[in-house]
Number of protein chains: 2
Amino acid sequence: MSCIPQLTRTLRARGYRMTPQRLSILQALHDGGHLSPTQIYERVHQTGMTEATVYRTLEFLAGNGILSVADRGNGHLAYELSSEAHHHLICRNCGAQMAIEPAMLASAIRLMESKTGYQISAGHLTFFGLCQDCQSRSQ
Amino acid sequence: MSCIPQLTRTLRARGYRMTPQRLSILQALHDGGHLSPTQIYERVHQTGMTEATVYRTLEFLAGNGILSVADRGNGHLAYELSSEAHHHLICRNCGAQMAIEPAMLASAIRLMESKTGYQISAGHLTFFGLCQDCQSRSQ
DNA sequence: ATTGCTATTGATAAAAGTTGCAATAAGGAG
DNA sequence: CTCCTTATTGCAACTTTTATCAATAGCAAT
């Protein structure tokens, strides 16, 4: 977590504060990679933090671009450090997961930008499909 | 709702049943377009249906491809008839929404399929960005 | 160091969403 | 039309997420 001093400065420049709670959550995500709010709470609640704070902090950090939100398509969110952000491809039969390079979507996003005039920030997308194994098994 | 007999046959062929509850929910989505579980519950609860049934039915119909799940990026889901499915582009400053033609993602999806071997069904994606108005205002 | 402003947290309650199980009812078979 | 199987529902308890508000604690300024 070498980036903490920089993050702290960023927040302060925007009128926000760095707190032990925010640090704990960043640490948990640094160690855990890709976690749901409940998983994060399990990792940090021995410090006395409440669920409400976990949810609020995650929303705050994501709103400030420090975390990325990953949606698993079931309505439950997972969070990760933005520096490690990537998209997911999940097999809806066996649940196998693959990472998707953001670059693979770049041209589609450029197309959408030119057609809509929006300036798009893709965030974290989850795609669903059938992996090769499940495709051959269903033949 | 001219498609009900066809949907009923599809479900029965898979060993499932068509029920008044499922019909009410399909009707609500036909009338309402794009609704959250709570909005759907408000429209159908006078029939005596419980929240649990609403949630289970939505998941069931989506799992059978009859509904599409739209994720607004905040972890809350909205549902729509698959026949009316489209993607969304939302301005994260003013909330303005635009529909995105599924065709605009087609080539990116073909690229992902060829690189990963997965057979992808895109589902419903939500993109975030800044609309033209908000871009010019922030200059 | 101390002070003051106010962003942030914890506590609490409410809302939204999920799960297990017994009772009900869709619909195929006779 | 009646029976039977079992998919589906309602009920109730439970988990997850959000909102409110008073108390706390960053941190800029003195």
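The shown structure was predicted, so the numbers you read here are calculated from the model rather than taken from an experiment.
Panel note: side chain B/Gln39, backbone B/Ala78; no donor-acceptor pair is recorded below 3.5 Å.
Between B/Tyr16 and B/Phe60, the gap from one ring centroid to the other is short of 6.0 Å.
In terms of position along DNA chain D, the nucleotide closest to B/Thr47 lies nearer the 5' end than the nucleotide closest to the other residue of the pair A/Arg12 and B/Thr47.
The nearest whole Å value for the distance from the NE2 atom in A/His45 to the P atom in C/dT9 is 18 Å. Going from atom CZ of A/Arg14 over to atom P of D/dC27 covers 15 Å, rounded to whole Å. In this structure, the CE atom of A/Met18 is 17 Å from the C1' atom of D/dA28, given to the nearest Å. The CD1-P distance, from B/Ile25 to D/dT8, rounds to 13 Å in whole Å. In this entry the distance linking CG of B/Leu23 with P of D/dT9 reads 10 Å, nearest Å. Separating the CG atom of A/Leu11 from the C1' atom of D/dA28 is a distance of 16 Å, rounded to the nearest angstrom. Atom CG of A/Leu58 is separated from atom P of D/dT16 by 14 Å (rounded to the nearest Å). Spacing between atom CZ of A/Phe60 and atom C1' of D/dG26 amounts to 12 Å, rounded to whole angstrom units.
Axis orientation changes by 30° from one end of the helix from C/dA1-D/dT30 to C/dG30-D/dC1 to the other, with each end axis drawn from 5 pairs and the value rounded to 10°.
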Query raised in the report: Between A/Thr47 and A/Ser24, is a side-chain hydrogen bond (donor to acceptor under 3.5 Å, both in side chains) present by the stated rule, with each step listed?
Result: CA-CA 9 Å; A/Thr47 68; A/Ser24 301; 4.8 Å; no
Requested in this report: Please report the C-alpha distance between A/Ile66 and A/Leu26 in whole Å, then the side-chain angles of each, then the deciding distance to 0.1 Å, and finally whether the side chain to side chain contact (heavy atoms under 4.5 Å, CB included) criterion is met.
Outcome: CA-CA 9 Å; A/Ile66 294 164; A/Leu26 288 169; 3.9 Å; yes
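The side chain of B/Arg17 sits closest to D/dT6 out of D/dT6, C/dA7, D/dT9. Of the candidates C/dT8, C/dG17, C/dA26, C/dG17 carries the atom nearest the B/Thr38 side chain, counting heavy atoms from C-beta on. Closest to the side chain of B/Pro20, out of C/dA26, D/dG26, D/dA7, is C/dA26. Side-chain atoms of B/Thr53 lie closest to D/dT9 of the nucleotides D/dT8, D/dT9, D/dG26.
Expressed to the nearest 0.5 Å, how far CD1 of B/Ile40 lies from NE2 of B/His45 amounts to 14.0 Å. Atom CD of B/Glu59 and atom CG of B/Asn64 lie 11.0 Å apart (nearest 0.5 Å).
The phosphate of D/dG10 has OP1 or OP2 within less than 4.0 Å of a side-chain N or O from B/Gln21. Note on A/His76: every side-chain N or O is 4.0 Å or more away from OP1 and OP2 of C/dG17. Neither OP1 nor OP2 of D/dA7 sits under 4.0 Å from any side-chain N or O of B/Thr19.
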Please tabulate the protein-to-nucleotide N/O contacts below 3.5 Å involving nucleotides 19-21 of chain D, giving atom names and distances.
{"residue": "D/dT20", "atom": "O4", "partner": "A/Arg56", "partner atom": "NH1", "Å": "3.4"}

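For A/Glu84, the CD atom counts as densely surrounded, since its 6.0 Å shell holds more than 12 non-hydrogen atoms of other residues, nucleotides or ligands.
Using a 4.0 Å heavy-atom criterion, one finds that B/Tyr55 contacts the bases of the nucleic acid, with or without backbone contacts as well. At a threshold of 4.0 angstrom between heavy atoms, the contacts of B/Glu51 with the nucleic acid are absent.
The closest side-chain heavy-atom distance from B/Thr38 to B/His76 is not below 4.5 Å. Under the 4.5 Å side-chain criterion, counting only non-hydrogen atoms from C-beta, B/Leu89 is not in contact with B/Gln97.
Cluster membership for B/Tyr55 and B/Tyr79, using ILVMFWY side-chain heavy atoms within less than 4.5 angstrom, is not shared.
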